[in-house]
Amino acid sequence: MMAAALRGSLVTLAKGLSAARLQPLCARSLSLTGQNFVESPPARADSTFKVTMVPGDGVGPELMTAVKDVFKAADVPVEFEEFHLSEVQNMASEEKLEEVLSSMKNNRVAIKGKIHTPMEYKGELASYEMRLRRKLDLFANVVHVNSLPGYSTRHNNLDLVIIREQTEGEYSSLEHESVSGVVECLKIITREKSRRIAKFAFDYATKKGRSKVTAVHKANIMKLADGLFLQSCAELAELYPKIKYETIIIDNCCMQLVQNPYQFDVLVMPNLYGNIIDNLAAGLVGGAGVVPGESYSAEYAVFETGARHPFAQAVGRNIANPTAMLLSASNMLRHINLEYHSNMVSEAVKKVIKQGKVRTRDLGGYSTTSDFVRAIVANLSHRTV
């Protein structure tokens with residue numbers, strides 16, 4: 001009887017140990033999405049993660065090659081499902097778009113380059129970028145603008161976050177010519193989506209230990225639309241008494257960012273303002289080549305550069321700066337709970353920039369993309385050089 005009881009205890013203990021071993025593989029990272037938390041996909045049986053990759057246009061394919069080279073050198077357990085989607089390279093079709101969406105929905109995590117949007121009207125107002133955001137409901141775009149140690153700019157030691165609602169506003173694709181020579185373009189602002197992005201911003205500030213949220217608007221002119229956005233932010237602010245809440249008009253915000261960006265912490269804003277501020281703020285710390293970004297829905301996460309530029313003039317010249325895409329890739333690894341690999345990649349990137357010996361042209365150097373990637377690989381912490 002005692003032997004039977006002992007055997008039972010050992011079986012129970014063994015099951016507990018097995019569960020403990022498996023737990024890290026099944027862990028899920030939590031990322032704020034305003035209303036819910038995104039659950040990162042669980043590891044597969046072989047402990048690798050599937051991630052959708054969309055290189056996009058311009059230097060996007062070269063940047064993704066840099067990501068794959070660094071991941072390979074760092075032994076990152078990620079398998080990419082790669083799709084080439086473009087509106088300017090004869091790679092556009094509804095079937096291709098649906099394939100990309102299907103992969104993103106299955107994997108729930110993607111890394112993406114800029115899909116260039118042609119200015120010519122060809123019967124469809126919504127670009128592929130906008131359609132992807134809407135189909136996946138990627139309502140929150142987050143750009144963390146952080147100075148890179150070792151690279152001096154006019155303002156050093158910057159640390160601010162721009163949160164942009166990106167499913168409505170001026171990018172609603174609702175335009176029409178009412179009479180000849182008169183075009184109306186509708187800006188859509190809804191209470192539901194304004195409250196959702198405001199909640200995301202306050203949740204983000206709370207989780208990241210930040211002290212202030214600033215709502216950016218133009219309610220002095222667009223009294224109803226931006227007025228509704230401001231009202232929604234103010235209502236949510238009351239639920240977060242520990243977070244300081246301020247408002248600022250978009251044009252003044254641009255000037256203040258250039259003169260004294262240190263006054264800002266987390267900024268939340270509608271679609272078009274976010275696009276403008278993302279690019280302005282990226283310029284404060286080194287440009288489009290160094291700032292990562294990410295977009296969230298309640299279910300999916302897409303990682304990309306913070307300032308979205310195809311940099312078409314650099315295609316094939318081996319001069320693009322892969323820093324922003326590599327830092328985005330590092331953030332993606334953290335999102336899927338690969339903390340060790342995430343830190344390895346980001347620390348190698350920052351170490352190369354801080355050393356200052358290998359820099360691409362946009363940072364005042366003469367190194368090629370390949371030189372930069374080789375330097376990062378050489379500085380990966382697990383390697384002996």
Side-chain angles (χ1 to χ4, degrees), residues 28-31 33 36-72 74 76-89 91-117 126-143 166-167 292-306 308 310 322 324-338 341-342 345:
R28 287 167 165 69
S29 62
L30 298 177
S31 299
T33 61
N36 303 300
F37 290 91
V38 171
E39 278 195 319
S40 296
R44 290 173 13 210
D46 57 358
S47 301
T48 63
F49 292 79
K50 272 196 173 182
V51 171
T52 304
M53 174 181 278
V54 183
D57 294 307
V59 295
E62 296 171 53
L63 299 181
M64 292 305 181
T65 297
V67 170
K68 287 185 283 188
D69 289 347
V70 172
F71 274 29
K72 182 178 179 181
V76 177
V78 163
E79 178 185 334
F80 291 113
E81 288 184 355
E82 192 167 341
F83 297 89
H84 292 274
L85 185 67
S86 172
E87 293 188 69
V88 294
Q89 299 182 46
M91 296 181 192
S93 70
E94 291 300 313
E95 293 76 17
K96 180 78 75 174
L97 183 62
E98 287 303 318
E99 283 180 20
V100 173
L101 283 167
S102 177
S103 175
M104 286 181 168
K105 287 177 180 178
N106 287 336
N107 298 330
R108 293 192 286 160
V109 177
I111 185 167
K112 183 178 74 62
K114 168 66 178 173
I115 302 173
H116 182 63
T117 303
S127 67
Y128 273 17
E129 287 270 13
M130 292 161 64
R131 291 169 71 184
L132 283 171
R133 289 177 212 158
R134 289 179 191 164
K135 293 274 191 181
L136 299 174
D137 195 27
L138 296 167
F139 69 91
N141 177 243
V142 180
V143 175
Q166 59 176 10
T167 59
E294 52 226 49
S295 296
Y296 294 104
S297 74
E299 297 179 74
Y300 313 113
V302 176
F303 295 82
E304 54 200 334
T305 54
R308 299 160 180 163
M325 193 62 79
L326 287 168
L327 292 177
S328 295
S330 170
N331 291 340
M332 179 195 76
L333 295 178
R334 183 169 291 109
H335 175 75
I336 58 179
N337 261 2
L338 294 175
H341 295 90
S342 170
V345 172

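For the single chain, residues carry numbers from 1 onward in sequence order. Side-chain atoms are counted along with the backbone in the values below, which use heavy atoms only and exclude waters and symmetry mates.
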Does any non-hydrogen side-chain atom of [Y] lie less than 4.5 Å from one of [X]?
X    : Y    : result
V78  : I336 : yes
P292 : F303 : no
E79  : M53  : no

Gap between atom [atom2] of [Y] and atom [atom1] of [X] - 0.5 Å precision:
X    : Y    : atom1 : atom2 : answer
F83  : S103 : CZ    : OG    : 4.0 Å
L138 : M130 : CG    : CE    : 13.5 Å
K114 : L63  : NZ    : CG    : 14.0 Å
S297 : K135 : OG    : NZ    : 14.5 Å
N141 : T167 : CG    : OG1   : 11.5 Å

Side chains of T65 and D69: is there a donor and an acceptor less than 3.5 Å apart? no
Tabulate below the donor-acceptor pairs under 3.5 Å that side-chain atoms of residues 325-332 make, not counting sequence neighbours, or state none.
unit_1: S328; atom_1: OG; unit_2: G293; atom_2: N; d: 3.4
unit_1: S328; atom_1: OG; unit_2: E304; atom_2: O; d: 2.5
unit_1: S328; atom_1: OG; unit_2: A324; atom_2: O; d: 3.0
unit_1: S330; atom_1: OG; unit_2: S342; atom_2: O; d: 2.8
unit_1: S330; atom_1: OG; unit_2: S342; atom_2: OG; d: 3.0
unit_1: N331; atom_1: ND2; unit_2: E294; atom_2: OE1; d: 3.4
unit_1: N331; atom_1: ND2; unit_2: L327; atom_2: O; d: 3.4

What heavy-atom pair brings L132 and L97 nearest, and what distance separates the two atoms? CD2-CD1, 3.8 Å
Considering all heavy atoms of both residues, which atom of G56 and which atom of I115 are nearest to each other, and what is their separation? CA-CG1, 4.3 Å
Before you tell me yes or no, could you show the steps for K68 and E82 under side-chain contact (heavy atoms from CB on, under 4.5 Å), namely the whole-Å CA-CA distance, both residues' side-chain angles and the distance that decides it to 0.1 Å? CA-CA 11 Å; K68 287 185 283 188; E82 192 167 341; 2.9 Å; yes
Set of residues satisfying salt bridge (Lys or Arg N to Asp or Glu O under 4.0 Å) with respect to [X], sequence neighbours excluded:
X   : answer
E98 : none
E81 : K50
E62 : none

Option from V54, T305, L85 for which side-chain contact (heavy atoms from CB on, under 4.5 Å) with K112 holds: V54
I would like to know whether Y296 and V142 meet side-chain contact (heavy atoms from CB on, under 4.5 Å); could you show each step before the answer? CA-CA 8 Å; Y296 294 104; V142 180; 4.2 Å; yes
Residues in side-chain contact (heavy atoms from CB on, under 4.5 Å) with K105, at least two apart? L136, Y300
Sequence neighbours left out, what passes ring pair (Phe, Tyr, Trp, His ring centres under 6.0 Å) with F80? Give chain and number order. F71
